[in-house]
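The figures that follow rest on heavy atoms only: side chains count, while hydrogens, waters and symmetry mates do not. Ligands are counted one by one from 1 in listed order, and the atoms in each one are counted from 1 as well. Since the structure is predicted, the reported quantities are computational estimates derived from the model, not experimental observations.
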Amino acid sequence: MKIGLSYDLKEKIAPGQSVPEDAFEEYDSPETVAGLTAAIEAQGHSVVRLGGGREFLVNILHESVDFVFNIAEGRGTYRSREAQVPSVLEMLNIPYSGADPQCLAICLDKPLTKKLVALAGVATPKEQVITDIKQLKALKPDALPLPAFIKPIHEGSSMGVRLGSRVETPAQAAEVAARLLEHYRQPVMAEEFIAGDEVTVGLVGNPPQVLGIMRILPKQKMPYFAYSLEVKRDWENLVEYECPARLDARILDKISDSSFKAFEVLGCRDFARVDFRLGADGTPYFLEINPLAGLNPKSSDLVIMARKMGWTYEALISTILDAALARYQRANQSSHRL
Ligand SMILES: Nc1ncnc2c1ncn2[C@@H]1O[C@H](COP(=O)(O)OP(=O)(O)OP(=O)(O)O)[C@@H](O)[C@H]1O
Ligand SMILES: [Mg+2]
């Protein structure tokens with residue numbers, strides 16, 4: 001098959017550009033594009049690099065590809081940015097890998113995502129959404145679930161998330177929230193801080209199978225741990241990845257069950273990564289889901305997890321690709337939904 005690859009590459013922030021220093025954190029590196037190209041070609045396909053944004057629009061109209069492997073994060077800071085490329089592909093009736101626009105748009109909205117997974121019976125931390133400084137000032141002190149973790153509501157790749165995002169007092173919460181409101185120009189959420197283990201779950205296939213459950217442990221003892229931007233950028237020195245996670249079978253079952261429920265209620269497809277923190281009693285609290293989980297051959301959590309579970313990068317990519325292709329085959333043969 002002739003497979004198009006849609007992606008957005010990280011850009012250098014020009015001096016004087018008024019964007020946060022992590023503005024392009026979600027975008028991909030040339031290493032990811034090269035890795036995916038090689039992995040897809042190893043399956044006997046040819047790959048056309050479509051890029052993202054306007055370049056993607058031009059290329060998709062001129063290249064007649066049979067299918068698109070999509071990792072494009074979308075342009076701008078819009079909360080539905082990840083839905084941009086899949087929407088164009090649906091308009092042109094070109095099949096593609098991964099979740100559809102509706103799922104991608106929902107999952108970039110953390111409070112909305114949490115409402116849906118809660119309806120499916122999954123535990124999530126309490127939260128208070130703060131839309132502007134006025135509302136923040138008017139909040140009653142007991143409206144905040146302290147200690148809290150403050151983060152922008154429409155970001156990924158830990159944009160706006162630092163170790164200092166954990167706050168203990170209303171005054172600290174106000175300070176961090178005000179800074180985020182100003183820099184990220186979107187509402188923020190103050191979420192109950194869940195102090196237990198950090199766990200991420202990889203799901204592949206339709207219906208999904210658990211690829212792995214990975215615990216992320218700080219290498220050094222610290223008063224509290226957050227898998228924040230500083231930590232993700234220096235992951236080789238700061239964290240240990242334990243996969244399979246050495247947790248109680250009862251807790252592992254609960255984590256798998258909550259992951260399946262989240263994948264299903266949100267309408268994910270082909271692959272996803274779900275982040276949890278464990279409560280004191282072992283309850284997995286859902287933080288967020290990544291229907292477009294990173295696929296960097298070296299540093300992405302899903303890939304690290306796959307490697308630890310004995311999968312090669314090629315096997316992971318071909319499993320995602322095959323799951324997507326099989327969806328279209330089923331849909332063509334019957335009245336199955338994609
Ligand atoms: N309520 C919370 N309690 C404890 N830690 C939290 C909480 N919310 C976020 N964190 C910490 O911050 C990290 C990043 O938060 P989250 O997963 O919501 O952000 P993200 O930017 O969407 O992440 P990703 O890089 O996976 O896309 C979490 O992995 C966790 O370590
Ligand atoms: Mg996360």
Would F193 and Y224 count as a ring pair (Phe, Tyr, Trp, His ring centres under 6.0 Å) if you check the C-alpha gap in whole Å, the side-chain angles of each, and the deciding distance to 0.1 Å? CA-CA 10 Å; F193 185 79; Y224 64 87; 5.7 Å; yes
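- Within the 4.5 Å cutoff, no side-chain heavy atoms of F263 are placed close to those of P291.
- Counting the atoms of ligand 1 from 1 in the order shown, those under 4.0 Å from a heavy atom of K110 are 16 (P), 18 (O), 19 (O), 20 (P), 21 (O), 22 (O).
- Of the protein's heavy atoms, S158 OG, 3.5 Å lies nearest to atom 14 (C) of ligand 1.
- With contacts defined as side-chain heavy-atom distances shorter than 4.5 Å, the pair R273/V201 does not qualify.
- Regarding atom 25 (O) of ligand 1, its nearest protein heavy-atom neighbour is K232 NZ, 2.6 Å.
- Within the structure, ligand 1 lacks R166 among the residues with a heavy atom less than 4.0 angstrom away.
- Nearest non-hydrogen protein atom to atom 12 (O) of ligand 1 is F149 CE2, 3.4 Å.
- When only non-hydrogen protein atoms are considered, atom 30 (C) of ligand 1 lies nearest to E198 OE1, 3.2 Å.
- With respect to the salt-bridge test (charged N to carboxylate O, under 4.0 angstrom), the residues E191 and K151 qualify.
- Within the structure, ligand 1 has A226 among the residues with a heavy atom less than 4.0 angstrom away.
- In terms of polar-atom proximity, defined here as any N/O pair under 3.5 Å, I194 does make such a contact with ligand 1.
- Relative ring orientation between F67 and Y328 is described as perpendicular, the plane-to-plane angle rising above 60° on a 0-90° scale split at 30° and 60°.
- Considering only non-hydrogen protein atoms, atom 13 (C) of ligand 1 sits nearest to Y227 O, 3.4 Å.
- With sequence neighbours excluded, the residues that form a side chain to side chain contact (heavy atoms under 4.5 Å, CB included) with L181 are I130, I133, V188.
- At a threshold of 4.0 Å, the pair R75-E73 does not count as salt-bridged, since none of the basic side-chain nitrogens sits closer than that to a carboxylate oxygen.
- Among E127, E288, K126, E191, the residue whose heavy atom lies nearest to atom 1 (N) of ligand 1 is E191.
- A cation-pi geometry, defined here as NZ or CZ lying under 6.0 Å from the six-membered ring centre and within 45° of its normal, holds between K232 and Y227.
- Only the side chain of N290 comes within 4.0 Å of ligand 1, counting heavy atoms alone; its backbone N, CA, C and O stay farther away.
- Salt bridge D197/R215: present, at least one basic N to carboxylate O contact under 4.0 Å.
- With sequence neighbours left out, the ring pair (Phe, Tyr, Trp, His ring centres under 6.0 Å) criterion links Y184 to no other residue.
- For ligand 1, the atoms closer than 4.0 angstrom to any heavy atom of D275 are 17 (O), 26 (O).
- With hydrogens left out, the protein atom closest to atom 18 (O) of ligand 1 is K151 NZ, 2.7 Å, a heavy atom.
- Contacts between E192 and ligand 1, counted as non-hydrogen atom pairs separated by less than 4.0 Å, involve the backbone only.
- Listed by chain and number, the protein atoms of type N/O/S under 2.8 Å from the Mg ion (ligand 2) are D275 OD2, E288 OE2; waters are omitted.
- No salt bridge links K10 with D28; every basic N to acidic carboxylate O contact stays at or beyond 4.0 Å.
- Nearest protein heavy-atom contact of atom 27 (O) of ligand 1 is S157 N, 2.9 Å.
- In this structure, D8 and G74 approach most closely via the heavy-atom pair OD2-N, 2.8 Å.
- Residues satisfying the side chain to side chain contact (heavy atoms under 4.5 Å, CB included) criterion with T77, sequence neighbours excluded, are absent altogether.
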